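Chain naming here is simple, since letters A, B, ... match the order of the sequence lines and numbering starts at 1 in each. In this text, all values refer to a predicted model and were calculated from it rather than measured experimentally. Side-chain atoms are counted along with the backbone in the values below, which use heavy atoms only and exclude waters and symmetry mates.
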Amino acid sequence: MRLGYACINESLKPKKFRSIRLKTIQTKGIDYLKYIVLENLEFLLEVLEWNSAHDIYFYRISSDIMPLITHPEVTALGWQWQKDKEVIDALDKIRVFKLKENMRLSMHPDQFTVLNSLRPDVVKSSMEYLVYHADFLEAVSGDDMILHVGGVYGDKPAAMMRFIHVANSLPDKVKTYLRIENDDKSYNIYELLSISEQTGLPVVFDFHHHRCLVDDHVTKDLLDKIFSTWTGIPKVHISSGKRHPKDRSHSHYIDDDDKSWVYMLEQYDVDIMIEAKGKEKTLLKLREDL
DNA sequence: TTTCGTCAAGCTGAT
DNA sequence: ATCAGCTTGACGAAA
C-alpha cells in the first residue's frame, strides 16, 4: 500500500513549480516557456528524490508543469515539447528514476476539462488537454490520470450518455491512462460504476466525496465492485472536511475518525492518495499515527 | 522587497 | 447576482 500526495511539497519551499502568463510568453518568446518547463521538470525530479528519501512512492504531478502548453496561441508558435531533445532528456531522467523506485505517478486534469460539456469548443479543448496528459504520462512512464464526469446541466441521464459517447471515442493512448472518480455534488459511486461498465474505464473511489454526496455505509461488496474495474493496482482518495465531516472544503489533516478507511483497505492491494491541505506533512503524520 | 490585482479554460450550489 | 470550491496560488507590474 502506497500513500501519496498531490503536487505541492511544502518541505522544499521556497522552491516550487513555476507558472507563466500568456502575455509573458508573447513578450519573452516561446524559449522562455521552454525554460520554465525545463526548470519545472528539474524540480519534479528533485521532488521525486525527496519523496523517495522519505519513503513516499506515490505522487500526483501538477497539470501546470507545462503551463499553457495546449493554449491555441501557444501551439501556434510551433514548439512541440514532445520532439524537443532537452525536454525529452529531462523527462527520460524522471522516467528512469520513477521505474527504479517503483513509484506511482498520476495526474489530474483541471476542472475545466469537461468531456460532456454542451459546448463543442469545450469538448474539443478538453480532449486536446487529455492528449497532452497522455503524452506526458507516456514520456515519464506514468500510471494514470483522473477525471470527474461533470456537465450535468439539470439532466444527468443525458449527461452520462454524452460522457460515455465521448469517452469511447477518445484516442487509445488517452483511454489507456484515463480513470474516473466520484465527486461530491453530482455523480455518486453507483453512477460511476455504471459509466465504467459502458466505457471500460477504471473507477477511483473518493471516500470524502462519497460521504458528502451519499453518506451510506461503505461495504466490502462495494469496494470489491470498484476494484474489479481495475486491471492494475487500484487507487482511492481520502480527505477530511475542514469545519465538519461533510464540509466539501478540505481539512489540513486527516481526522482520526477517517483513519478507519485506511484500516478498511488493509486487506487490499491499493494505493491511497491523500488530498489534504497539509500535503506531504499530512502524509508523514498519518503514517506515523497508523 | 512587498503588495495586490489578475490570471485561458467550466460548472455547481451556497449565499 | 456573486462567488467559493475544485487537483493547485503564483505571476508580475507597481509601489
> Report the distance from atom CG of A:D183 to atom C1' of C:dG5, rounded to the nearest whole Å.
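From A:D183 CG to C:dG5 C1': 12 Å.
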
> Counting only Watson-Crick pairs (N1-N3 plus N6-O4 or O6-N4) and G-U wobbles (N1-O2, O6-N3), all under 3.5 Å, who is the partner of B:dA9?
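With both distances under 3.5 Å required, B:dA9 matches none.
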
> Test the A:K16-A:F43 pair against the cation-pi criterion, namely NZ or CZ under 6.0 angstrom from the six-membered ring centroid and within 45° of the ring axis.
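Negative - A:K16 is either too far from the ring of A:F43 or too far off its axis.
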
> Could you let me know what C:dT8 is paired to, Watson-Crick or G-U wobble, both distances under 3.5 Å, or none if it's on its own?
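Base partner found: none.
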
> Just to confirm, is there a sub-4.0 Å distance from OP1 or OP2 of B:dA14 to any side-chain nitrogen or oxygen of A:K185?
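Answer is no, no contact under 4.0 Å.
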
> Any idea which of C:dG5, C:dG9, B:dG10 is nearest the A:I8 side chain?
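Given the options C:dG5, C:dG9, B:dG10, the side chain of A:I8 is closest to C:dG9.
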
> Suppose we define a pair by two distances each less than 3.5 Å, Watson-Crick or G-U wobble; what does C:dA13 pair with here?
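Paired with B:dT3.
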
> I want to verify a distance call: between B:dA8, B:dG10, C:dG12, whose nearest atom is closest to the A:I20 side chain?
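Nucleotide nearest to A:I20's side chain: C:dG12.
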
> Stacking between A:F112 and the base of B:dG10 (centre distance under 5.5 Å, interplanar angle under 30°)?
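By the stated criterion, A:F112 and B:dG10 do not stack.
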
> Would you indicate which nucleotide in C:dG12, C:dG5, C:dT8 comes nearest to any side-chain atom of A:T24?
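From the listed options, C:dG12 comes nearest.
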
> Counting side-chain heavy atoms from C-beta on, which of C:dC11, C:dT8, C:dG5 comes nearest to A:R18?
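The listed nucleotide nearest to A:R18's side chain is C:dC11.
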
> Rounded to whole Å, how long is the line connecting atom NZ of A:K23 with atom P of C:dA14?
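So the two atoms are 8 Å apart, to the nearest Å.
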
> Rounded to the Å, how far apart are A:R21 CZ and C:dC11 C1'?
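After rounding, the reported distance stands at 4 Å.
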
> Should A:E138 and A:K173 count as an ion pair when the cut-off is N to O under 4.0 Å?
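Judged by the 4.0 Å cut-off on N to carboxylate O distance, A:E138 and A:K173 do not form a salt bridge.
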
> Base, sugar-phosphate, or nothing for A:T70, non-hydrogen atoms under 4.0 angstrom?
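A:T70: base contact, heavy atoms under 4.0 Å.
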
> Is any side-chain N of the basic residue among A:K34 and A:D31 closer than 4.0 Å to the acidic one's carboxylate O?
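A salt bridge is absent here (no side-chain N lies under 4.0 Å from a carboxylate O).
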
> For A:H237, which contact category applies under a 4.0 Å heavy-atom criterion: base, sugar-phosphate, or nothing?
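It contacts nothing in the nucleic acid.
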
> Would you check if the distance from the ring center of A:H237 to the ring center of A:F205 is below 6.0 Å?
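When the ring centroids of A:H237 and A:F205 are compared, they turn out to be at least 6.0 Å apart.
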
> Tell me whether A:D121 is salt-bridged to A:K124, with the criterion being a basic N under 4.0 Å from an acidic carboxylate O.
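Here A:D121 does not pair with A:K124 in a salt bridge, since their nearest N and O are not under 4.0 Å apart.
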
> Roughly, in whole Å, what's the span from CG in A:L44 to P in C:dT8?
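Rounding to the nearest Å, CG of A:L44 and P of C:dT8 are 17 Å apart.
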
> When we call it a touch if two heavy atoms are under 4.0 Å apart, what does A:S117 touch: a base, just sugar-phosphate, or nothing?
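Touches sugar-phosphate only.
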
> I'd like the C1' distance from B:dC7 over to C:dA1, given in whole Å.
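These two C1' atoms come out 23 Å apart once rounded.
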
> For A:Y268 and A:F227, take the angle between the two ring planes, folded into 0 to 90°, and tell me which bin it lands in: parallel under 30, tilted 30 to 60, perpendicular over 60.
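The arrangement is perpendicular - the two ring planes meet at more than 60°.
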
> Under 4.0 angstrom, heavy atoms only, what part of the nucleic acid is A:S62 near: base, sugar-phosphate, or nothing?
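Nothing, no nucleic acid heavy atom in range.
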
> So which one's nearest nucleotide on DNA chain C is more toward 5', A:S19 or A:A6?
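Looking at the nearest nucleotide for each, A:A6 comes out on the 5' side.
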
> Would you classify A:K28 as touching base, sugar-phosphate or nothing, given that sugar-phosphate means primed atoms plus P, OP1 and OP2, and contacts are heavy atoms under 4.0 Å?
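Touches nothing.
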
> Rounded to whole angstroms, how far apart are CZ on A:F163 and P on B:dG10?
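It is 18 Å, rounded to the nearest whole Å.
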
> Output the single nucleotide from C:dG12, C:dT8, C:dC11 whose closest atom is nearest the side chain of A:D110.
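Among C:dG12, C:dT8, C:dC11, the one nearest the side chain of A:D110 is C:dT8.
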
> Relative to the ring of A:Y129, is the ring of A:H133 parallel (under 30°), tilted (30 to 60°) or perpendicular (over 60°)?
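Because their plane-to-plane angle is over 60°, the rings of A:H133 and A:Y129 count as perpendicular.
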
> NZ of A:K156 versus P of B:dT12: gap in Å, rounded?
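Taking atom P of B:dT12 as the reference, NZ of A:K156 is at 11 Å.
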
> Just the rounded figure in Å: distance from C1' of B:dG13 to CG of A:L213.
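Answer to the nearest Å: 12 Å.
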
> Contact class for A:E275 vs. all strands (heavy atom < 4.0 Å): base, sugar-phosphate, or nothing?
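Touches sugar-phosphate only.
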
> Roughly how far apart, to the nearest Å, are C:dA13 and C:dT8 at atom P?
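Rounded to whole Å, the distance is 27 Å.
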
> Between atom NZ in A:K242 and atom C1' in C:dA4, what is the gap in whole Å?
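Distance, rounded to whole Å: 10 Å.
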
> I want to check one thing: is the phosphate of C:dG5, taken as OP1 and OP2, less than 4.0 Å away from some side-chain N or O of A:K277?
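So the side-chain polar atoms of A:K277 never come under 4.0 Å of the phosphate oxygens OP1 or OP2 of C:dG5.
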
> Among C:dT8, B:dA8, B:dG10, which nucleotide has an atom closest to any side-chain atom of A:L22?
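Side chain of A:L22 sits closest to B:dA8.
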
> If you pin A:K13 and A:H250 to their nearest nucleotides in DNA chain C, which one's is more 5'?
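Between the two, 5'-proximity favours A:H250.
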
